[in-house]
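Encoded as structure tokens, the structure appears first; notes follow it.
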Amino acid sequence: MKITKICCIGAGYVGGPTMAIIAQKCPQIQVTVVDLNEERIAAWNDADVNNIPIYEPGLSEIVKEARGRNLFFSTAVDQAIDEAEMIFISVNTPTKTYGKGKGMAADLKYIELCARQIARVSKSNKIVVEKSTLPVRTAEAIKSILDNTGNGVKFQILSNPEFLAEGTAVQDLLHPDRILIGGDTTAEGQKAIQALVDVYANWVAVDKILTTNVWSSELSKLTANAFLAQRISSINAMSELCEKTGADVNEVARAIGMDSRIGPKFLKASVGFGGSCFQKDILNLVYIAKSYGLQEVADYWEQVIIMNDHQKRRFSDTIVKTLYNTVSDKKIAFLGWAFKKDTNDTRESAAIYVADDLINENAKIAVYDPKVSRKKVLADLDYLQTRTADENAKSILSFENPYEACSNAHAVAILTEWDEFVAYDWQKIYDAMQKPAFVFDGRNILDKAVLEKIGFVYQAIGS
Ligand code: NAD
Ligand code: UGA
């Protein structure tokens, strides 16, 4: 089956970039990305391509090339579903905030709504691709909705999880380590798999395209995120031990990373991992394990989250303790609010939790992030519901200029590893700060020797 029209439901951090690359690499396929969020779609269609809603290095150039040619953004969901032979579901799957599984299970209401909408609208056979990260066996529920329309339309369901990381989405999509496609073992299922393999084969070597059964594919995505997050919690656990023993976590990471069985990546100690997925996916995994009665499996993975929460709390505790046990009315400058560099995404960013702790201690937080607005910072804090929006607004000072954010501050805390922070004139920052001037480097990006020579009291993670 040759695909000529693709529809993607969900124009977010995954749907937008993924479809932009498919459109760029497959000019023969018409790709329409749809979303209920009119504001988001309007931003994707903004005449100035720099205003697209997601910041990713290299993305605006690709959108510029393909948009209007074979890449379209629209709110006409029904029409796009009806016309397409292949439909990607790339909607959000957040942690449930209500009912059974609250705080753990993935909320699948958006997925189910998509399935019902596809079932209602489709007049011809379709391949439905799960792009969102889903609990293992979700395809079963989608299938049950799609197979019971009674209108004779046939659906094949594939699982094709996405492994891109934000900040490097374009490079990850152009040069993926692997593409994973899970499908039915029947002849029809295999044909559907082949149709999707053919799409990716436009730019990905076929030996990097793995095909499996649906359940392996769904579970591999949760497993990959659990393993990645586990590495961070493991090195962060060691960072605390390093601080007590005189070992240096950067040296330890280097030493173990040279063991080819361990490898050097994802061993950077930090203030704690953030992002929309690691925590949500591990909690989901824990929930699934518990629902099968596998308590030890659940406890094992839950520890990754417990360690991460501890690491964030430890960072704010260290700031308070070092600043003579009080930060009341002190100005603490936050360099960075995004959960990692090169993205404007702040979901589950460690900065939110560290700020929340420090505001509880009456600190004033002066935030500078090159890509995050004051509105977003306040929305992130309000979402926690620790205090009123008014109180949050009074505790957060926002700056467009990092030097102003740091001016007169008692301490600077690095929350995101933006490259530009390293290049700042740290002497100038020191001169304008309260003394003693403290730097808490939650990302271990600055040079301790240089900062101490200037006069800073410098504290990193894990040394
Ligand atoms: P997102 O919140 O940025 O985007 C989801 C979009 O779906 C939103 O714009 C929302 O309005 C839209 N939507 C929801 N229900 C809809 C419906 N019924 N019809 C039309 N539009 C609808 O989310 P995201 O970060 O793109 O994540 C999407 C999925 O991909 C999640 O399951 C996530 O776990 C997974 N994932 C995310 C990343 C990442 O880096 N963000 C990476 C890999 C996988
Ligand atoms: C992560 C995975 O890397 C992707 O493969 C996956 O597709 C995605 O989740 C997802 O499913 O959403 P992402 O969260 O975008 O991608 O970014 P990462 O680079 O994994 O970073 C996550 C967090 O861990 C960030 O806060 C980062 O600063 C932190 N981190 C990462 C560390 O603290 N140390 C490290 O060594 C690496």
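One-based numbering along the sequence shown. Order of listing sets the numbers, starting from 1, for every ligand and every atom in it.
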Query raised in the report: Does ligand 1 have any atom that is closer than 4.0 Å to a heavy atom of Ile9?
Result: yes
Please say whether [X] places an N or O atom under 3.5 Å from an N or O atom belonging to ligand 1.
| X | result |
| --- | --- |
| Asn37 | no |
| Tyr110 | no |
| Arg40 | yes |
| Glu162 | no |
| Lys221 | no |
| Arg347 | yes |
| Ala11 | no |

[X] contact mode with ligand 1 (heavy-atom cut-off under 4.0 Å):
| X | value |
| --- | --- |
| Cys277 | side chain |
| Leu36 | both |
| Leu164 | both |

Can you list the ligand 1 atoms lying under 4.0 Å from a non-hydrogen atom of [X]?
| X | value |
| --- | --- |
| Tyr13 | 3 (O), 24 (P), 25 (O), 26 (O), 41 (N) |
| Thr93 | 31 (C), 32 (O), 34 (O) |
| Cys114 | 18 (N) |
| Ser90 | 5 (C), 28 (C) |
| Glu166 | 39 (C), 40 (O), 41 (N) |

Query raised in the report: Which protein heavy atom lies closest to atom 7 (O) of ligand 1, and at what distance to 0.1 Å?
Result: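 Protein heavy atom with the smallest distance to atom 7 (O) of ligand 1: Gly10 CA, 3.4 Å.
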Report task. Look at atom 11 (O) of ligand 1 and say which protein heavy atom is nearest, naming residue and atom and giving the distance to 0.1 Å. Result ->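 Checking every protein heavy atom, the shortest distance to atom 11 (O) of ligand 1 gives Asp35 OD1, 2.6 Å.
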If you look at each N/O of ligand 2, which protein N/O atoms lie under 3.5 Å away, and at what distance?
from, atom 1, to, atom 2, distance (Å)
ligand 2, 5 (O), Phe163, O, 2.7
ligand 2, 7 (O), Glu162, O, 3.4
ligand 2, 7 (O), Phe163, O, 3.2
ligand 2, 7 (O), Leu164, O, 2.7
ligand 2, 7 (O), Lys221, NZ, 2.9
ligand 2, 11 (O), Lys221, NZ, 2.8
ligand 2, 11 (O), Asn225, ND2, 2.8
ligand 2, 15 (O), Glu166, N, 2.8
ligand 2, 17 (O), Lys340, NZ, 3.3
ligand 2, 19 (O), Lys340, NZ, 2.8
ligand 2, 26 (O), Gly274, N, 3.0
ligand 2, 26 (O), Phe339, O, 2.7
ligand 2, 28 (O), Arg443, NH1, 2.6
ligand 2, 33 (O), Ser270, OG, 2.6
ligand 2, 34 (N), Lys268, O, 2.8
ligand 2, 36 (O), Leu267, N, 3.4
ligand 2, 36 (O), Lys268, N, 2.9

Requested in this report: Say whether Ser463 and Asp248, considering side chains only, have a donor N or O and an acceptor N or O under 3.5 Å apart.
Outcome: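 Side-chain D/A pair, Ser463 to Asp248: absent.
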**Report entry** Closest candidate by heavy atom, reference atom 15 (N) of ligand 1, pool Val91, Ile54, Ile81
**Finding:**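 Result: the heavy atom closest to atom 15 (N) of ligand 1 is in Val91.
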**Report entry** Short side-chain to backbone donor-acceptor contact, Glu85 and Thr4, under 3.5 Å
**Finding:**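 Yes; at least one donor-acceptor contact below 3.5 Å.
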Query raised in the report: Can the ring centroids of Phe399 and Tyr368 be said to lie less than 6.0 angstrom from one another?
Result: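 Distance test on ring centres: not under 6.0 Å, no.
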